[in-house]
Amino acid sequence: MKTKKISKLSQVILLFIILLTGCKVSNSGNSEKGFKSIFDGKTLNGWEGDTKYWRVENGNLVGEITPETLLKTNSFITWKGGEPADFELKGEFNITEKGNSGINYRSEKLPDIPYALRGYQADIDGANRYTGQNYEERGRTTLAYRGEIASINPQSGTWKPEDVRAKVQRNAWTERKVIGSLGENEALKTKIKSEDWNTFHLIIKGNRLQHYINGILMSDVTDNDLINGKSKGLLGVQVHVGPPMKVQYRNLRLKQL
């Protein structure tokens with residue numbers, strides 16, 4: 001009798017492990033449901049950018065500035081597949097120590113500057129001073145620093161570019177309010193690997209903009225500014241004015257909500 005009891009207990013434990021493992025596999029599969037690759041790892045098909053700075057290498061989308069190709073303005077390579085509104089974007093990045101880059105979304109092209117975008121950006125830099133924060137390129141500048149939950153105040157009326165600039169101080173939007181914390185900036189910085197591959201996950205739904213790095217929520221913005229905010233737009237990645245640098249992106253997957 002004792003032997004049979006042990007045998008039945010073992011079977012129950014084994015069945016529990018199988019079910020638990022099955023659930024984990026199922027959940028992992030569901031987390032990728034609906035995602036589609038937007039970069040084939042072989043060509044720049046489906047993307048538009050200056051090939052002086054952008055190429056495909058070893059399966060990666062590479063942006064590089066050399067001493068001979070220093071920039072006067074930030075340069076983007078833009079996905080030509082549409083203007084996503086609500087979406088999730090996943091991928092990986094690897095950037096050199098002096099590099100500066102970012103992932104733009106809900107953005108628009110500038111008519112007078114080639115390969116330039118204006119709009120929301122998930123910031124990335126090699127020193128990890130800014131990585132994870134929400135920065136609006138050529139707009140309201142910093143909306144949330146790393147570790148912040150921020151709410152952007154509603155605005156009204158007609159705004160000109162000079163009106164927007166007047167509301168910026170120390171490279172941050174003055175019409176924003178920090179309403180919570182995701183952790184200390186420096187503590188979150190330790191979760192980001194230098195000159196190595198990191199994952200990113202952007203969850204952009206309605207007026208809520210969440211930036212995750214390595215599975216950790218780094219910034220969370222609720223944009224109540226219907227005048228200056230955008231509900232849809234272009235996706236692109238950046239090489240920034242500055243010293244020679246190299247940034248690499250891979251496994252770019254988009255899920256439109």
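Worth knowing before you read on, the calculation uses all heavy atoms, side chains too, and leaves out hydrogens, waters and symmetry mates. This structure is a prediction, so every number in the text was calculated from the model and none was measured.
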* Gap between atom OG1 of T222 and atom CD1 of I179 - 0.5 Å precision -> 5.5 Å
* Structure fact -> Interatomic distance, CG@L202 vs NZ@K90, rounded to 0.5 Å, equals 11.0 Å
* Structure fact -> Quick note, salt bridge (Lys or Arg N to Asp or Glu O under 4.0 Å) partners involving residues 97-107, not counting sequence neighbours, are D86-R106
* Could you check Y115 against T73 for side chain to side chain contact (heavy atoms under 4.5 Å, CB included), going step by step and ending with a plain yes or no? => CA-CA 9 Å; Y115 306 114; T73 58; over 6 Å; no
* **Test item: L71 and M245 side chains (from C-beta on) under 4.5 Å apart, heavy atoms** => no
* Structure fact -> Grouping ILVMFWY residues whenever side-chain heavy atoms fall under 4.5 Å, the cluster of F76 otherwise contains L117, L234
* Do N228 and Q155 get their side chains close enough for a donor-acceptor pair, meaning under 3.5 Å? -> no
* Side chains of W79 and L252: closer than 4.5 Å at any heavy-atom pair? -> no
* Asked: Any sub-3.5 Å donor-acceptor pair from R176's side-chain atoms to L143's backbone N or O?
  -> yes
* Asked: Tell me the salt bridge (Lys or Arg N to Asp or Glu O under 4.0 Å) pairs involving residues 110-131, sequence neighbours left out?
  -> E108-R118
* To do: Indicate yes or no for a side-chain donor-acceptor contact from T142 to the backbone of N171 under 3.5 Å, with no hydrogens or angles considered.
  => yes
* To do: Would you name the heavy atoms of L70 and P244 that are closest together and state the gap between them?
  => CD2-CD, 4.1 Å
* **More than 12 heavy atoms from other groups under 6.0 Å of CD on E184** => no
* Asked: Counting N and O atoms only, with roles assigned by atom type, does the side chain of N104 sit under 3.5 Å from a partner on the main chain of G102, one being a donor and the other an acceptor?
  -> no
* To do: State yes or no: do L226 and V221 share one hydrophobic cluster built from I, L, V, M, F, W and Y residues joined by side-chain heavy-atom distances below 4.5 Å, directly or via other members?
  => no
* To do: State yes or no: do L254 and I204 share one hydrophobic cluster built from I, L, V, M, F, W and Y residues joined by side-chain heavy-atom distances below 4.5 Å, directly or via other members?
  => yes
* Asked: Can you get from I213 to I203 by hopping between Ile, Leu, Val, Met, Phe, Trp and Tyr side chains that sit under 4.5 Å apart?
  -> no
* Asked: Does N214 use its side chain to pair, donor to acceptor, with the backbone of T199 at less than 3.5 Å?
  -> yes
* Just how far is it from atom CG of N185 to atom CE of M218, taken to the nearest 0.5 Å? -> 9.5 Å
* Asked: What pairs meet the ring pair (Phe, Tyr, Trp, His ring centres under 6.0 Å) rule with one or both residues in residues 230-257, with sequence neighbours excluded?
  -> none
* Asked: Judged by atom type as modelled, is there a donor-acceptor pair below 3.5 Å linking the side chain of W173 to the main-chain atoms of V164?
  -> no
* Which pairs count as ring pair (Phe, Tyr, Trp, His ring centres under 6.0 Å) when at least one residue sits in residues 118-156, sequence neighbours excluded? -> Y105-Y120
* To do: Indicate the atoms forming the closest heavy-atom contact of Q238 with V247, along with that distance.
  => O-CG1, 4.1 Å
* Identify whether the distance between the nearest side-chain nitrogen and carboxylate oxygen of R140 and E175 falls below 4.0 Å. => no
* Show your working on side chain to side chain contact (heavy atoms under 4.5 Å, CB included) between R208 and D220 and close with a plain yes or no. => CA-CA 7 Å; R208 191 174 184 186; D220 190 338; 2.7 Å; yes
* Closest contact, heavy atoms only, T131 versus N128 -> OG1-OD1, 3.0 Å
* Asked: Is there a donor-acceptor contact under 3.5 Å from the side chain of N58 to the main chain of N60?
  -> no
* Asked: Which class fits the ring pair H201 and F35: parallel under 30°, tilted 30 to 60°, perpendicular over 60°?
  -> perpendicular
* **From CG (L209) to CG (N134), nearest 0.5 Å** => 5.5 Å
* Shared ILVMFWY cluster between I77 and I113, side chains joined below 4.5 angstrom? -> no
* Hey, could you give me the NE2/CD1 distance between H211 and I216, rounded to the nearest 0.5 Å? => 15.5 Å
* **Heavy-atom donor-acceptor pair, N198 side chain to K193 backbone, under 3.5 Å** => yes
* Which distance, rounded to the nearest 0.5 Å, do you find between the OG of S101 and the CG of N94? -> 11.5 Å
* Asked: Above 12 or not: heavy atoms from other molecules or residues under 6.0 Å from CD of Q169?
  -> no
* Could you tell me which non-hydrogen atom of I103 sits nearest to which non-hydrogen atom of I124, and how far apart they are? => CD1-CD1, 3.8 Å
* Same apolar cluster: Y212 and L89, side chain cutoff 4.5 Å -> no
* To do: Return yes if some donor-acceptor pair links the side-chain N/O of D50 with the main-chain N/O of K52 below 3.5 Å, else return no.
  => yes
* What pairs with K230 under salt bridge (Lys or Arg N to Asp or Glu O under 4.0 Å), at least two apart in sequence or on another chain? -> none
* Taking all non-hydrogen atoms of both residues into account, name the closest pair between T96 and E195 and its distance. => CA-OE2, 3.9 Å
* Structure fact -> All heavy atoms of R146 vs all of Q133, minimum pair found to be N-CB, 3.7 Å
